[in-house]
Amino acid sequence: MLEAIFLFIVLLTLFLFYIGTGKNLRAVLIFFAWQVVIGLLSFFEVFKEKPLLFPLAIIATTLLSILGFKIISIKELNTRYLIGIHIVRIPVELCLYQLFIKGQIPEIMTFTGWNFDILIGLSALVILIYQFVKKKNLARQYFLFWNVIGLLFLSVIVIIAILSSPLPIQQFAFEQPNVALFQFPYCFLPTCIVPIVFISHFLLIKHLK
């Protein structure tokens, strides 16, 4: 059941990204095609058997994200859908907590640990409600601050996730390492959801300028 919910979150993220980028099909196809590759590798437990391949997949994801960011036109953005992407962070955090209960990730990766990302998801919902009720956007300086904090929180949990994984650079959670992200479908978190959230923050900041 958790796997099905997580797959739905991935598809919802891709859909919101498609609408938010002004229906930029090229950018979405880049991510979709890459998820097919990642999905096959994780489904056949390649990352589980050879975890050192996963950092290479993250590097490739970063390069593809930069490419996707560059081909998106700022003029075509639908900012409300880009903000809506961050609401996805709420169910993602709930899924992570369930993975912790199942012994697949350490507690420090959840909202009961060092992961405060759920606050950005909740605040994104508040921002959208404010825009709907007030019929205007949040003040520029507050919106910029929100994006910067969102990038900071996301960066922190990404670093924690990497340093909690069973890799030579592991620093945390030796008693319960982060193994879920090597498995299907949770492999899509670092290769799809996280980069799209990063890109949406950068697009919103660029749009402010």
*Asks:* Please check if F174 and I108 belong to a single hydrophobic cluster, counting links between Ile, Leu, Val, Met, Phe, Trp and Tyr side chain heavy atoms closer than 4.5 Å.
*Replies:*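 No; tracing contacts between hydrophobic side chains, which count when under 4.5 Å, never links both residues.
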*Asks:* Out of curiosity, L56 CG to T61 OG1, how far, rounded to the nearest 0.5 Å?
*Replies:*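 If I round to the nearest 0.5 Å, the distance is 10.5 Å.
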*Asks:* Distance-only check: which donor-acceptor pairs under 3.5 Å involve side-chain atoms of residues 186-203, not counting sequence neighbours?
*Replies:*
residue	atom	partner	partner atom	Å
T191	OG1	Q35	OE1	2.7
T191	OG1	C187	O	3.0
S200	OG	H86	NE2	2.9
S200	OG	I196	O	3.4
S200	OG	V197	O	2.7
H201	ND1	N147	OD1	2.8
H201	NE2	R89	NH1	2.9

*Asks:* Same cluster or not: are I38 and I66 linked, directly or through other Ile, Leu, Val, Met, Phe, Trp or Tyr residues, by side-chain heavy atoms under 4.5 angstrom apart?
*Replies:*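 Different hydrophobic clusters.
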*Asks:* Taking atom CH2 of W114 and atom CD1 of I157, what is their separation to the nearest 0.5 Å?
*Replies:*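 Result: 10.0 Å between the selected atoms.
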*Asks:* Would N24 and S73 satisfy side-chain contact (heavy atoms from CB on, under 4.5 Å), going step by step from the backbone distance to the final call?
*Replies:* CA-CA 8 Å; N24 191 312; S73 172; 5.8 Å; no
*Asks:* Find out if a path of hydrophobic residues (ILVMFWY) with successive side-chain heavy-atom gaps under 4.5 Å connects Y81 to I129.
*Replies:*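 Y81 and I129: one cluster.
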*Asks:* To the nearest 0.5 Å, what is the distance between CD1 (I59) and CG (L64)?
*Replies:*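 Output value for this atom pair is 12.0 Å.
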*Asks:* Find out whether P91 and I5 are in side-chain contact, i.e. whether some heavy atom of one side chain is under 4.5 Å from a heavy atom of the other.
*Replies:*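 No, every pair of side-chain atoms sits at 4.5 Å or beyond.
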*Asks:* Restricting to non-hydrogen atoms, name the atom on F100 and the atom on P106 that form the minimum distance, rounded to 0.1 Å.
*Replies:*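 Closest pair (atom of F100, atom of P106, distance): CD1-C, 3.9 Å.
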*Asks:* Going by the rule side-chain contact (heavy atoms from CB on, under 4.5 Å), which residues pair with V37 if we only count those two or more places apart in sequence or in a different chain?
*Replies:*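 Partners of V37 by the side-chain contact (heavy atoms from CB on, under 4.5 Å) criterion, ordered by chain and then number, come out as W34, L41.
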*Asks:* Measure the shortest side-chain to side-chain distance between L2 and F6 over non-hydrogen atoms and say whether it is less than 4.5 angstrom.
*Replies:*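 Answer no - side chains too far apart.
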*Asks:* Does any part of the side chain of F172, heavy atoms only, come nearer than 4.5 Å to the side chain of M109, both counted from C-beta?
*Replies:*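 With C-beta onward as the side chain, the pair stays apart.
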*Asks:* At what distance, to the nearest 0.5 angstrom, does CZ of F182 lie from CG of L53?
*Replies:*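 Taking CZ in F182 and CG in L53, the distance rounds to 10.0 Å.
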*Asks:* Is it true that L119 and V126 fall in one hydrophobic cluster, defined by side-chain heavy atoms closer than 4.5 Å?
*Replies:*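 As far as the 4.5 Å side-chain criterion goes, V126 and L119 are not connected within one cluster.
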*Asks:* So do the side chains of C95 and I9 get within less than 4.5 Å of each other, counting heavy atoms only?
*Replies:*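 Yes; the side chains approach each other to less than 4.5 Å.
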*Asks:* Between S165 and N178, does any side-chain donor sit less than 3.5 Å from a side-chain acceptor?
*Replies:*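 Yes, side-chain donor-acceptor contact under 3.5 Å.
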*Asks:* So, using side-chain contact (heavy atoms from CB on, under 4.5 Å) as the criterion, who are the partners of K136 when residues are at least two apart?
*Replies:*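 Applying side-chain contact (heavy atoms from CB on, under 4.5 Å) to K136 gives Y130, K134.
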*Asks:* Could you walk me through whether D117 and V92 pass the side-chain contact (heavy atoms from CB on, under 4.5 Å) check?
*Replies:* CA-CA 9 Å; D117 214 45; V92 166; over 6 Å; no
*Asks:* Does I205 reach the side chain of L151, with side-chain heavy atoms less than 4.5 Å apart?
*Replies:*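 Heavy-atom side-chain distance check passes, below 4.5 Å.
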*Asks:* When rounded to the nearest 0.5 angstrom, what distance separates CG in L122 from CD1 in I90?
*Replies:*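 Rounded to the nearest 0.5 Å, the CG-CD1 separation comes to 4.0 Å.
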*Asks:* Minimum heavy-atom separation for F184 to S42, with atom names?
*Replies:*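 That would be CB-OG, 3.5 Å.
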*Asks:* For F111 and L96, run side-chain contact (heavy atoms from CB on, under 4.5 Å): C-alpha distance rounded to whole Å, both residues' side-chain angles, the deciding distance at 0.1 Å, then the answer.
*Replies:* CA-CA 9 Å; F111 53 79; L96 287 178; over 6 Å; no
*Asks:* Between V179 and P166, is there a side-chain heavy-atom distance shorter than 4.5 Å?
*Replies:*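 Result yes, sub-4.5 Å side-chain heavy-atom pair found.
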*Asks:* Hey, mind stepping through F15 and L11 against side-chain contact (heavy atoms from CB on, under 4.5 Å) and telling me if it holds?
*Replies:* CA-CA 6 Å; F15 173 75; L11 293 175; over 6 Å; no
*Asks:* Do the ring planes of F17 and F31 sit parallel (below 30°), tilted (30 to 60°) or perpendicular (above 60°)?
*Replies:*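 Answer is perpendicular, since the angle exceeds 60°.
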*Asks:* Flag the pair I120 / W146 as yes when at least one side-chain heavy-atom distance between them is below 4.5 Å, and no otherwise.
*Replies:*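 The answer is yes; the side chains approach within 4.5 Å.
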*Asks:* Check whether any side-chain heavy atom of N115 lies under 4.5 Å from a side-chain heavy atom of I160, and answer yes or no.
*Replies:*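 Heavy-atom side-chain distance check fails, nothing below 4.5 Å.
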*Asks:* How many angstroms lie between CD1 in I105 and CD in Q176, if you round to the nearest 0.5 Å?
*Replies:*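 Here the rounded value is 8.0 Å.
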*Asks:* For I85, which of I83, I87, L82 qualifies under side chain to side chain contact (heavy atoms under 4.5 Å, CB included)?
*Replies:*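 Passing option: L82.
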*Asks:* Does K135 make a cation-pi contact with F132, if we ask for NZ or CZ under 6.0 Å from the ring centre and within 45° of the axis?
*Replies:*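 The answer is yes; both the distance and angle limits are met.
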